[in-house]
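All remarks here apply to the structure that follows.
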Amino acid sequence: MTLGNQTMVTEFLFTVFPNMHEGGLFFFIPLFLIYGFILTGNLIIFIVVQLDVALHTPMYFFISVLSFLETWYSTTTIPKMLSNLLSEQKTISLVGCLMQMYFFHSLGITEGCVLTAMAIDRYIAICHPLRYPTIMTSKLSIQLTAGSCLCGFLLVLPKIAWIATLPFCGSNQIHQIFCDFTPVLSLACTDTSLVVIMDAIHGAEILASFLVIALSYTRIIVVILGMPSAEGLQKAFSTCAAHLAVFLLFFGSVAVMYLRFSATYSVFWDTAIAVTFVVLVPFLNPIIYSLRNKDMKDAIRRLFCYQKAVGGAGR
């Protein structure tokens, strides 16, 4: 398509992927295995929480929601990354790019809101244990999850709708592993200063979630350290340690990537940071929440033992 004497861009080219002859298969195999683990691990957590009555608590409900979101969050980017590693045509259509940006950021913001809800849940459970059953009800858990989804999927929509109206001409090369706002907007052949306002809104949302979680866990740590029982201290700390680890991984990488202000990184560091929250965080989520959690391990064991028993009875 042409506009005047300029050719309009209808697809973008990812430039950071090696092709199969230059080591694409070397990266494809581990990424494929990681993606398989992400899907399997997070889906197991989600299914186990739904089926095991012992895990029908607000804390595990939020963990199951987070695991469900992680499967879709990673699916918005990793399958296309796998395709680009093997394909000679490492391209994505303009519509496909917009869809990837929308779902990736919508799911990411939703995850941030769910992590905030999890921090509030742990704060009430540890700092106000007697009031916890009356405050953190199943109805409130569902409302917080619905609000997180609403926030995530509505907040990004105006920005995507605006980007869809921009003309792209000249270079179509994206120096990133997936479609993201900054590399895509740098290719627009018009004024994109309006993005500063939208970035400020997104930045405020990230900072608000960060502050709520940070304040919640600061108070939680103070209460835990004041516990007279060593057993109670250990149990409370182990419960919160997994949440805190995911929080630090997710918000740490997101803050470095999107709250950089005027700072610029090389393509290598941009890619490395993107890999952290696109691949590493979803990969570590099932490890942190299942392999380090006794209740979750017991529930997974019960599920598989039940399946074996049913299978044995069937024979």
Side-chain angles (χ1 to χ4, degrees), residues 1-43 70-108 156 159-160 163-190 192 253-254 256-258 264-284:
M1 185 185 299
T2 59
L3 181 65
N5 59 356
Q6 291 181 317
T7 301
M8 299 302 297
V9 172
T10 57
E11 65 178 17
F12 299 105
L13 173 68
F14 295 103
T15 62
V16 298
F17 291 97
N19 59 41
M20 197 165 179
H21 301 295
E22 297 174 352
L25 192 60
F26 176 78
F27 294 99
F28 175 88
I29 293 173
L31 183 59
F32 178 79
L33 294 174
I34 289 171
Y35 181 56
F37 178 80
I38 289 171
L39 292 183
T40 305
N42 283 299
L43 285 175
E70 289 280 22
T71 60
W72 294 107
Y73 177 75
S74 55
T75 300
T76 60
T77 54
I78 296 181
K80 185 60 180 175
M81 290 163 58
L82 290 168
S83 173
N84 286 333
L85 285 168
L86 297 183
S87 173
E88 292 188 9
Q89 299 293 326
K90 307 176 191 304
T91 58
I92 187 170
S93 67
L94 176 58
V95 173
C97 190
L98 291 171
M99 293 291 286
Q100 188 181 69
M101 283 192 293
Y102 174 68
F103 284 107
F104 176 77
H105 284 281
S106 294
L107 289 164
V156 183
K159 191 170 186 177
I160 294 295
I163 294 174
T165 66
L166 299 178
F168 294 91
C169 51
S171 174
N172 70 335
Q173 297 185 358
I174 295 179
H175 304 294
Q176 187 51 279
I177 59 175
F178 66 99
C179 284
D180 205 2
F181 293 136
T182 300
V184 169
L185 286 172
S186 67
L187 304 178
C189 49
T190 187
T192 59
S253 56
V254 167
V256 171
M257 191 69 174
Y258 297 109
T264 57
Y265 308 134
S266 66
V267 174
F268 171 80
W269 285 112
D270 260 344
T271 305
I273 296 166
V275 167
T276 300
F277 62 83
V278 170
V279 179
L280 185 62
V281 174
F283 173 74
L284 291 176

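- Using a 4.5 Å heavy-atom threshold, the side chains of Leu166 and Leu185 count as touching.
- Here CZ of Phe37 is found 10.0 Å from CD1 of Ile34. Values are rounded to the nearest 0.5 Å.
- In this structure the side chain of Ile92 never reaches within 4.5 angstrom of the side chain of Glu11, judged on heavy atoms.
- In this structure, CD1 in Ile38 is found 11.0 Å from CG in Leu33, a value given to the nearest 0.5 Å.
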Show me the side-chain donor-acceptor pairs of residues 74-81 shorter than 3.5 Å, one per line, residues at least two apart or across chains.
| from | atom 1 | to | atom 2 | distance (Å) |
| --- | --- | --- | --- | --- |
| Ser74 | OG | Glu70 | O | 2.9 |
| Ser74 | OG | Thr71 | O | 3.2 |
| Thr75 | OG1 | Tyr35 | OH | 2.9 |
| Thr75 | OG1 | Thr71 | O | 2.5 |
| Thr76 | OG1 | Tyr73 | O | 2.6 |
| Thr77 | OG1 | Ser74 | O | 3.4 |
| Lys80 | NZ | Thr91 | O | 2.7 |

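- Side-chain atoms of Gln100 come within 3.5 Å of backbone N or O of Cys179 as a donor-acceptor pair.
- Leu94 is linked by a side chain to side chain contact (heavy atoms under 4.5 Å, CB included) to Phe12, Leu98, Phe168, counting only residues two or more places apart in sequence or in another chain.
- The aromatic rings of His105 and Phe181 lie parallel to each other, with less than 30° between the two planes, well short of the 60° mark.
- Counting non-hydrogen atoms of other residues, nucleotides and ligands closer than 6.0 Å to CZ of Phe283 gives a total above 12.
- Screening residues 165-178 for side chain to side chain donor-acceptor pair (under 3.5 Å) gives Thr15-His175 as the qualifying pairs, with residues at least two apart or on separate chains.
- Here the CD1 atom belonging to Ile174 is positioned 8.5 Å from the CG atom belonging to Leu13, to the nearest 0.5 angstrom.
- In this structure, Thr271 OG1 and Phe17 CZ are separated by 8.5 Å, a value rounded to the nearest 0.5 Å.
- The CD1 atom of Ile177 sits 9.5 Å away from atom CZ of Phe14, with the distance rounded to the nearest 0.5 Å.
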Step-by-step side-chain contact (heavy atoms from CB on, under 4.5 Å) determination, Leu85 to Phe32: CA-CA 11 Å; Leu85 285 168; Phe32 178 79; over 6 Å; no

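- Taking Phe103 as the reference, nothing meets the ring-ring contact (aromatic ring centres under 6.0 Å, His included) condition, with sequence neighbours excluded.
- To the nearest 0.5 angstrom, Leu31 atom CG is 10.5 Å from Asn84 atom CG.
- Judged by distance alone, with hydrogens and angles left aside, the side-chain atoms of Thr276 form a donor-acceptor pair with the main-chain N or O of Ala272 at under 3.5 Å.
- A heavy-atom distance below 4.5 Å is found between the side chains of Val184 and Cys97.
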